[in-house]
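Chain naming here is simple, since letters A, B, ... match the order of the sequence lines and numbering starts at 1 in each.
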2 protein chains.
Amino acid sequence: MKTPKQTKKNSIQELAKALRLSPATISRVLNNHPHVHTATRNRVMAFVEKTGYTRNVMASGLRTNKTNTVGLIVPRFSMFVHTEVITTVQNGLHAHGYNLIICQSNDSVDIEKDLARTLYASRVDAVIAACTMFTKDFSHFDILTENNIPVLFYDRVPMQSYGACIIRGDDFRGGFLAASHLVQLGCKRISYISGPLTCNIYIDRYAGFEKALTQHKVPVRKDWIFYHELTADNARKAMHRLFAKPPYPDAIMAANDVTAIAVLEYAKETGIPVPENLRIVGYSNDPRSAIITPSITTIEQFPRNIGNVIVAEVLKLLKSDGGKSAVETEPIIIPVELIRRMST
Amino acid sequence: MKTPKQTKKNSIQELAKALRLSPATISRVLNNHPHVHTATRNRVMAFVEKTGYTRNVMASGLRTNKTNTVGLIVPRFSMFVHTEVITTVQNGLHAHGYNLIICQSNDSVDIEKDLARTLYASRVDAVIAACTMFTKDFSHFDILTENNIPVLFYDRVPMQSYGACIIRGDDFRGGFLAASHLVQLGCKRISYISGPLTCNIYIDRYAGFEKALTQHKVPVRKDWIFYHELTADNARKAMHRLFAKPPYPDAIMAANDVTAIAVLEYAKETGIPVPENLRIVGYSNDPRSAIITPSITTIEQFPRNIGNVIVAEVLKLLKSDGGKSAVETEPIIIPVELIRRMST
DNA sequence: CTGAAAGCGCTAACAC
DNA sequence: GTGTTAGCGCTTTCAG
């Protein structure tokens with residue numbers, strides 16, 4: 001590349017010197033301040049273009065106390081819903097000139113604490129967080145809110161209200177829809193594989209499940225309800241116990257699709273006909289649930305919607321500069337939908 | 001939370017004043033400089049702990065010219081390989097105290113250009129990039145290398161050598177393995193659905209495919225080779241053309257699993273028995289390829305390995321502070337493996 | 001071992 | 001319209 005010599009230092013001072021202007025003027029041009037002569041503006045712009053000068057955002061951030069950067073904490077990138085949300089949020093924020101620092105807690109509360117601190121150290125302008133499955137105490141986010149950095153929770157969120165914007169799926173309704181569907185199909189012996197009840201989403205989905213069953217006078221058997229991390233492994237163990245001896249369940253509701261898929265595979269391996277003898281419903285509409293045979297009935301959470309709402313809200317908070325008062329106190333609930341497939 | 005008053009300004013000066021020390025000393029403690037009295041060090045640490053002081057990395061970054069932040073550009077988060085790589089890289093770098101700014105180009109060269117510039121503006125310490133399918137000219141990364149920010153490419157990388165570390169899968173071998181497998185199964189009429197040949201990975205996979213066929217004297221029919229973005233839609237169109245009139249292919253090799261899945265679904269819908277009349281092989285070992293019925297033979301790229309190598313290399317570059325000379329000139333090639341499944 | 005002082009690159013009053 | 005000046009919060013010589 002024939003870059004001819006190139007001014008060593010890439011600073012506003014250099015531009016100023018070269019153009020025989022003051023740094024202030026350059027800065028004004030760069031920030032589209034009004035009171036600048038069009039001629040000078042053009043001259044500066046041309047030179048900026050030519051030299052490829054790029055503003056040092058650390059310096060300007062230090063001065064203005066803004067970084068144009070947003071932090072995002074998720075349990076894991078690879079969870080379908082989060083992948084989608086991140087995708088949407090990153091595109092949305094980029095379009096508005098914001099960078100995104102994405103972090104994953106790996107569902108570890110300690111890492112989450114660390115991340116909240118690190119993001120504060122970076123003085124991000126806002127933080128978006130989907131918490132750990134186990135986060136009950138949210139005080140590690142205080143350092144952000146106390147320093148006027150707005151925090152926005154989604155998916156796995158604080159249950160008691162917290163001075164932060166909250167966006168979540170309608171998990172109660174999701175659980176209710178899924179369970180009602182099974183009941184309406186005539187299932188009487190419904191097992192539910194839930195995540196740990198430390199987490200709002202599992203609490204709500206369970207509540208929906210219970211409501212549907214009791215409402216239709218279908219018994220809720222405690223020993224058919226499991227609470228554990230929703231891994232394929234745990235799912236298989238649960239299945240093993242359920243099918244150790246009769247009576248067997250006639251339906252399994254799973255609090256996520258990974259579990260539902262593992263359940264289905266177990267059923268296929270052990271020769272339990274699905275949906276004839278066992279109906280299965282999952283949660284999240286992971287693409288795999290559509291592709292497996294038989295395809296799995298599930299709850300669509302519309303992660304792109306969640307992402308778009310997050311973007312809208314975070315921009316609102318960012319605009320309102322300081323943002324304390326602008327916080328939506330009411331959680332924003334994103335509707336869900338049942339997608340019926342072959343497994344029921 | 002009972003935060004009692006809390007010093008308004010969270011700065012080293014405040015600590016200094018409160019502790020009747022100079023900012024310099026505080027800074028030394030924070031940076032583990034040797035020549036500090038243990039007593040003072042402890043006093044400072046205790047106070048830091050108590051007040052929850054957190055260093056402003058913009059200020060220190062401005063001073064030291066380091067941000068402890070690495071930028072990452074991928075085409076899309078949601079592509080399986082990238083999701084895995086990002087996961088590994090983020091965890092790996094976090095463990096070493098680095099933040100990661102993750103960006104997606106959406107396979108747009110313009111966005112990619114923009115991102116390179118933005119990352120430079122953030123003065124990240126290094127950039128990791130998997131390029132757009134269409135990136136032929138890589139000069140938009142020059143701004144980074146010229147300013148001594150090491151750039152490390154992976155997956156989709158510059159073809160002519162570029163002053164940057166390169167890490168990629170063994171795409172030639174992947175293509176070769178997949179095609180050889182089909183040949184060995186006796187397939188004679190093999191169609192190949194490739195991505196555009198602007199991109200190293202597709203060039204190499206194609207070369208592997210061609211080598212395997214010619215080596216075994218299986219004809220390479222130009223009209224059975226497709227070059228287009230590897231979407232499900234395009235795959236279906238290709239299938240439609242292939243099966244418009246005989247002779248029909250007896251195998252389809254796809255340059256990614258999304259395509260292979262779409263091909264399989266098309267076959268299922270139109271009643272072409274797989275693998276009896278049509279064998280299918282994909283690329284990437286997307287989880288869906290394992291779950292669909294029949295499961296799809298594919299090439300495992302070991303994205304976690306790729307991620308780990310990236311982390312190792314990037315840390316090496318970061319250590320060597322300036323990093324120009326430490327650049328691996330030879331590309332690092334990550335081996336691939338054929339995973340045989342039911343579709344062949 | 002600790003302090004004083006300069007400055008990283010930028011912006012925002014305040015002058016003119 | 002433009003320049004001067006004073007920091008943002010931190011690190012780093014250089015003195016002591």
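Inspection of the A:Glu112 and A:Thr135 side chains reveals an N or O donor paired with an N or O acceptor under 3.5 Å. Using modelled atom types and a 3.5 Å distance limit, the side chains of A:Asn308 and A:Thr88 yield no donor-acceptor pair. Side chains of B:Asp137 and B:Ser139: a donor-acceptor N/O pair is present below 3.5 angstrom, by distance only. B:Arg41 and B:Asn32 share no donor-acceptor pair across their side chains, judged by distance under 3.5 Å alone. If you check the side chains of A:Asp114 and B:His94, you find a donor sitting under 3.5 Å from an acceptor. No side-chain N or O of B:Ser108 forms a donor-acceptor pair with one of B:Ser105 less than 3.5 Å apart.
Atom NZ in A:Lys17 sits about 19 Å away from atom C1' in D:dT2, given to the nearest Å. As a whole-Å value, the separation of B:Met58 CE from D:dC10 P is 10 Å. With rounding to whole Å, B:Gln13 atom CD is found 12 Å from D:dG7 atom P. Distance, A:Arg123 CZ to D:dC8 P: 14 Å, rounded to whole Å. Taking atom OH on B:Tyr120 and atom C1' on C:dG9, their separation rounds to 11 Å, with Å as the unit. When rounded to the nearest whole Å, the span between CG of B:Asn56 and C1' of C:dC8 equals 13 Å. In this structure, A:Lys66 places its NZ atom 22 Å from P of C:dG9, rounding to the nearest Å. Regarding B:Ile26, its CD1 atom lies at a distance of 13 Å from the P atom of C:dA4, rounded to whole Å.
For A:Ser22, the listed nucleotide lying nearest its side chain is D:dT4; candidates were D:dG9, D:dT4, D:dG1. Between D:dC8, C:dC10, C:dG3, one nucleotide has an atom nearer to the side chain of B:Leu21 than all others, and that is C:dG3. Of the candidates C:dT2, D:dC10, C:dG9, C:dT2 carries the atom nearest the B:His37 side chain, counting heavy atoms from C-beta on. In this structure, of C:dC8, D:dC10, C:dT2, it is C:dT2 that holds the atom nearest to the side chain of B:His35.
Using modelled atom types, no side-chain atom of B:Ser27 and backbone atom of B:Pro23 make a donor-acceptor pair closer than 3.5 Å. The main-chain N or O of B:Gly52 is found under 3.5 Å from a side-chain atom of B:Thr54 such that the two form a donor-acceptor pair.
Rounded to 10 degrees, the angle separating the terminal helix axes of the helix from C:dC1-D:dG16 to C:dC16-D:dG1, each built from five base pairs, is 40°.
Remark: B:Thr40 is in phosphate contact with C:dT2, judged by side-chain N or O atoms under 4.0 Å from OP1 or OP2. The phosphate of D:dC10 has neither OP1 nor OP2 within less than 4.0 Å of any side-chain N or O from B:Ser60. Residue A:Thr25 places at least one side-chain N or O closer than 4.0 Å to OP1 or OP2 of D:dG3.
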Check against salt bridge (charged side-chain N to carboxylate O under 4.0 Å, His left out), B:Asp155 and B:Arg168: CA-CA 5 Å; B:Asp155 194 55; B:Arg168 52 185 202 72; over 6 Å; no
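Cation-pi check for A:Arg123 over A:Tyr120 is met; the charged atom lies under 6.0 angstrom from the ring centroid and within 45 degrees of its normal.
When the nearest nucleotides of DNA chain C are assigned to B:Leu62 and B:Thr38 by heavy-atom distance, the more 5′-ward of the two goes with B:Thr38. Mapped onto DNA chain C by nearest heavy atom, B:Pro34 and B:Asn65 fall at different nucleotides, with B:Pro34 at the one closer to the 5' end.
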Between the protein and nucleotides 12-16 of chain C, list every N/O to N/O distance that falls short of 3.5 Å.
residue: C:dA13; atom: N6; partner: A:Arg28; partner atom: NH2; Å: 3.3

